[in-house]
There are 2 protein chains.
Amino acid sequence: MKLIHQLSKETGIPIPTLRFYEKSGLISGRRKTGVSTNNYQFYEQGAIDKLNFVQMAKAVGFTLNEIKEVVDLWYKKEITQKAQFEVLDKRLLQIDEKIAELNAMKKQIKICKENIENRNS
Amino acid sequence: MKLIHQLSKETGIPIPTLRFYEKSGLISGRRKTGVSTNNYQFYEQGAIDKLNFVQMAKAVGFTLNEIKEVVDLWYKKEITQKAQFEVLDKRLLQIDEKIAELNAMKKQIKICKENIENRNS
DNA sequence: TTGAACTATGAAGTATACTGCATACTTGTG
DNA sequence: CACAAGTATGCAGTATACTTCATAGTTCAA
């Protein structure tokens, strides 16, 4: 049960960005039951898990919408198993494509390095 | 020696985007020597190589600026070999980080799939 | 109890990467 | 030689993902 400040500290994501993510539907807190004097939102471990995933996915070029599709079914039972697997399997394919592209880039950069070595020797 | 239309066809990148890339310094054509009636830019194979690299790098989350740093030394001799290697090695590290992140995401998504399977059975 | 720190909300601003529009000139085909 | 298609240029507009600002209310330590 963390407030936004602590969530920010634990994930390294600035508070305004977390608010933006909340508004975008990526994470959501809830008010403490029985407290009506404020509107402070409390977050659980699940929010941290989601945010860690968001950071990884962003780093490899997924859009927030693509990430949201996965994160949305993190704890959901409403949609069918088939529909859930469709989303997840699509992402797994994208991931493998990205890994292949990264390996192709490595190859390309290594060729580039060899060219530099050869013409400077 | 291709005009922008053909460059677009061969890479699948829309002409306005190619113009944007040219303005950003990612690619550059040159005018046919001796022709002064127009300002048509001609591109060589190198432009295609660069654009293929750009597309891969973009797909895995590199920014145009990061990509430009690599592409800039594609055919350049001016900067020192050490400086060139620095840029390239930095990108190689980033690539390995991204691959690690993609593998972590795969693991996460597979766990997510297992959870779905278990709670629906 | 007061003031610093924290929280919420809404609206405006910024950076990146395009995307479209208007204009104008050039080239190739029937 | 008309005219469709291609090229160049500049500027405005859009989408995504934040980031900043202004305002206002809340909590807690001294």
Side-chain angles (χ1 to χ4, degrees), chain A residues 1-44 47 50-72 94 101, chain B residues 1-44 47 50-72 94 101:
Chain A
M1 296 286 273
K2 308 154 200 293
L3 281 167
I4 199 162
H5 191 76
Q6 200 181 341
L7 197 60
S8 169
K9 259 201 303 196
E10 286 182 35
T11 59
I13 300 172
I15 291 175
T17 306
L18 291 176
R19 294 203 197 284
F20 173 75
Y21 286 168
E22 172 131 41
K23 214 167 54 183
S24 311
L26 271 172
I27 53 164
S28 58
R30 44 182 157 168
R31 300 170 52 182
K32 234 177 193 158
T33 43
V35 177
S36 56
T37 53
N38 65 35
N39 197 26
Y40 291 10
Q41 299 293 312
F42 288 85
Y43 302 89
E44 322 207 0
K50 285 181 183 180
L51 290 169
N52 287 335
F53 185 80
V54 168
Q55 283 178 301
M56 285 191 297
K58 265 181 46 60
V60 294
F62 286 99
T63 68
L64 288 189
N65 272 346
E66 287 170 327
I67 297 166
K68 187 166 149 44
E69 280 194 341
V70 173
V71 164
D72 271 354
Q94 282 181 297
E101 279 165 329
Chain B
M1 297 289 272
K2 309 154 200 294
L3 281 167
I4 199 161
H5 191 76
Q6 202 182 341
L7 197 60
S8 169
K9 258 201 303 195
E10 286 182 34
T11 59
I13 300 172
I15 291 175
T17 305
L18 291 176
R19 294 202 198 287
F20 172 76
Y21 286 167
E22 172 131 41
K23 214 167 53 183
S24 311
L26 272 171
I27 54 164
S28 58
R30 44 184 156 167
R31 298 170 52 183
K32 233 174 194 161
T33 44
V35 176
S36 55
T37 51
N38 65 33
N39 197 26
Y40 291 10
Q41 299 294 311
F42 288 84
Y43 303 88
E44 322 207 0
K50 285 181 182 179
L51 290 169
N52 286 336
F53 185 82
V54 168
Q55 285 179 300
M56 284 191 296
K58 266 182 45 62
V60 294
F62 286 99
T63 67
L64 288 189
N65 273 345
E66 288 171 327
I67 297 167
K68 187 166 148 43
E69 279 195 342
V70 174
V71 164
D72 272 352
Q94 282 181 298
E101 279 165 329

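Here the structure is a predicted model, which is why all the values come from computation and not from measurement. Hydrogens, waters and symmetry mates play no part in the numbers below; they use all other heavy atoms, side chains included. Below, chains carry the letters A, B, ... as their sequence lines are ordered, and counting in each starts from 1.
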Listed by chain and number, what are the side-chain contact (heavy atoms from CB on, under 4.5 Å) partners of [X], not counting sequence neighbours?
X       : answer
B:Phe42 : B:Met1, B:Leu3, B:Lys32, B:Tyr40
B:Lys2  : B:Gln6, B:Glu10, B:Gln45, B:Ile48
B:Pro16 : B:Pro14
B:Thr63 : B:Asn65, B:Glu66

Please compare B:Leu64 and B:Tyr40 by the position of their nearest nucleotide in DNA chain C and report the one closer to 5'.
B:Leu64

Here the residues of residues 51-63 of chain A within 4.0 Å heavy-atom distance, strictly under, of DNA chain D are A:Lys58, A:Thr63

With the threshold set at under 4.0 Å for non-hydrogen atoms, list the residues of residues 17-32 of chain B touching DNA chain D in residue-number order.
B:Arg19

Could you state the [atom1]-[atom2] distance from [X] to [N], rounded to the nearest angstrom?
X       : N      : atom1 : atom2 : answer
A:Glu69 : D:dT16 : CD    : P     : 13 Å
A:Phe42 : C:dC6  : CZ    : P     : 14 Å
B:His5  : D:dA8  : NE2   : P     : 13 Å
A:Leu7  : C:dA8  : CG    : C1'   : 15 Å
B:Leu3  : D:dG6  : CG    : P     : 11 Å
B:Ile15 : D:dT7  : CD1   : C1'   : 9 Å
B:Gln41 : D:dG6  : CD    : C1'   : 14 Å
A:Lys2  : C:dT7  : NZ    : P     : 13 Å

What nitrogen or oxygen pairs link the protein and nucleotides 20-24 of chain C at under 3.5 Å?
none

Measuring to OP1 and OP2 of [N], would you say a side-chain N or O of [X] lies under 4.0 angstrom away?
X       : N      : value
B:Asn39 : D:dT9  : yes
B:Asn38 : C:dT27 : yes
A:Thr37 : D:dT27 : yes

Return the set of residues passing ring-ring contact (aromatic ring centres under 6.0 Å, His included) with B:Tyr21 (not counting sequence neighbours), or none when no residue passes.
none

Set of residues satisfying ring-ring contact (aromatic ring centres under 6.0 Å, His included) with respect to B:Tyr43, sequence neighbours excluded:
none

Taking A:Ile13 as the fixed residue, which of A:Val54, A:Ile27, A:Leu18 is the one that meets the side-chain contact (heavy atoms from CB on, under 4.5 Å) rule?
A:Leu18

Which residue pairs pass the salt bridge (charged side-chain N to carboxylate O under 4.0 Å, His left out) test when at least one of the two sits in residues 11-30 of chain A, sequence neighbours left out?
A:Arg30-A:Glu44

Are any side-chain N or O atoms of A:Ser8 and backbone N or O atoms of A:Ile4, one a donor and one an acceptor, separated by less than 3.5 Å?
no

Given 3.5 Å as the limit, does a donor-acceptor pair link the side chain of A:Ser24 with the main chain of A:Leu26, or not?
no

Please name all residues satisfying side chain to side chain donor-acceptor pair (under 3.5 Å) with A:Asp72, sequence neighbours left out, ordered by chain then number.
A:Lys68

By side chain to side chain donor-acceptor pair (under 3.5 Å) - contacts of A:Asn52 (at least two apart)
none

